[in-house]
Amino acid sequence: GQNIDQPTEMTATEGAIVQINCTYQTSGFNGLFWYQQHAGEAPTFLSYNVLDGLEEKGRFSSFLSRSKGYSYLLLKELQMKDSASYLCAVRDWNTGFQKLVFGTGTRLLVSP
Amino acid sequence: GAVVSQHPSRVICKSGTSVKIECRSLDFQATTMFWYRQFPKQSLMLMATSNEGSKATYEQGVEKDKFLINHASLTLSTLTVTSAHPEDSSFYICSARDGGNSPLHFGNGTRLTVT
């Protein structure tokens, strides 16, 4: 199976930059996803990496190193509305249906 | 973009009763849908994979007879929590993708409270 780890909580200041790390172990890696989830709501898709390197999308960037089993989500110019949980999820070829397994999630609190 | 609709958004039921949750893909066909459960301040835990026209695949530790899944069409999957107990109170979320490599799209979730 997969083993996906993220820090439990992080705090940052409005306007700053924060990096949320994710490490994983899987036998049939087929992509890593980042989702944002506000309390009581469903997750929303942020980014997807399947090859090594950096994917940039506005204020959000995600990096992947397959050899290290490591990814990070970088949030720039933090806003109060970015306070949410950030979920790292890995897709695995070996599961047949390409299901997504989620990490523990990182709760980010952005303060003024 | 792909939209997944889930109903109801909230339900309160008495212990011992059954609750059905519906998950629909509104603008695409989904041969596979996924059901997740999320307890407070925890991440999403995959319960089962729902396959159109065949039996669902359950994750280890999830009781098949308690969480009945029916995927009768390419746009609808249902999860029935049978003989619900207070410990089944949770946030249930369904998801689907509209292509092999596209990201999962989630329904808005169902908050189940069993009294």
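Letters A, B, ... are given to chains in the order of the sequence lines, protein chains preceding strands, and every chain is numbered from 1.
Atom NZ of A:K57 sits in a crowded spot, with more than 12 heavy atoms from other residues, nucleotides or ligands closer than 6.0 Å. Within a 6.0 Å sphere centred on CD of A:E14, other residues, nucleotides and ligands contribute more than 12 heavy atoms. Atom CG of A:L54 sits in a crowded spot, with more than 12 heavy atoms from other residues, nucleotides or ligands closer than 6.0 Å. Atom NZ of B:K55 sits in a sparse spot, with 12 or fewer heavy atoms from other residues, nucleotides or ligands closer than 6.0 Å.
With a 4.5 angstrom heavy-atom cutoff, A:L87 touches chain B only via side-chain atoms. Contacts of B:Q38 with chain A are made by side-chain atoms alone, with heavy-atom separations under 4.5 Å and no backbone atom involved. Only the side chain of B:L46 comes within contact range of chain A, judged by heavy atoms closer than 4.5 Å.
The hydrophobic cluster containing A:L100 also contains B:L44, counting ILVMFWY residues as joined when their side-chain heavy atoms lie under 4.5 angstrom apart, directly or transitively. Linking Ile, Leu, Val, Met, Phe, Trp and Tyr whenever their side-chain heavy atoms come within less than 4.5 Å leaves A:F33 and A:Y70 in two separate clusters. Neither B:W35 nor B:L74 shares a network with the other; the hydrophobic side chains, linked directly or stepwise wherever heavy atoms of I, L, V, M, F, W or Y lie under 4.5 Å apart, form separate groups for each. No path of Ile, Leu, Val, Met, Phe, Trp and Tyr side chains, each step under 4.5 Å between heavy atoms, connects B:I21 with B:L26, placing them in separate hydrophobic clusters. Linking ILVMFWY residues whenever their side-chain heavy atoms come closer than 4.5 Å, directly or via other members, places A:L32 and A:L73 in the same cluster.
Residues of residues 75-95 of chain B having a heavy atom under 4.5 Å from any heavy atom of chain A, listed by number: B:F91, B:I93. Proximity to chain A among residues 106-115 of chain B is limited to B:F106, B:G107, B:N108, B:R111, judged by heavy-atom separations below 4.5 angstrom. Close approach to chain B, defined as a heavy atom under 4.5 Å from one of its heavy atoms, is seen in A:Y35, A:Q37, A:G40, A:E41, A:A42, A:P43, A:F45, A:Y48 of residues 34-51 of chain A, taken by number. Residues of residues 104-112 of chain A lying within less than 4.5 angstrom of chain B, judged on heavy atoms, are A:T104, A:G105, A:R107 in numerical order.
The OG1 atom of B:T57 lies 8.0 Å from the NZ atom of A:K99; values are rounded to the nearest 0.5 Å.
Among B:Q42, B:M45, B:E59, the residue with the largest count of heavy-atom pairs under 4.5 Å with chain A is B:E59.
A donor-acceptor pair under 3.5 Å links the side-chain atoms of B:S43 to the main chain of A:G103, judged by distance alone.
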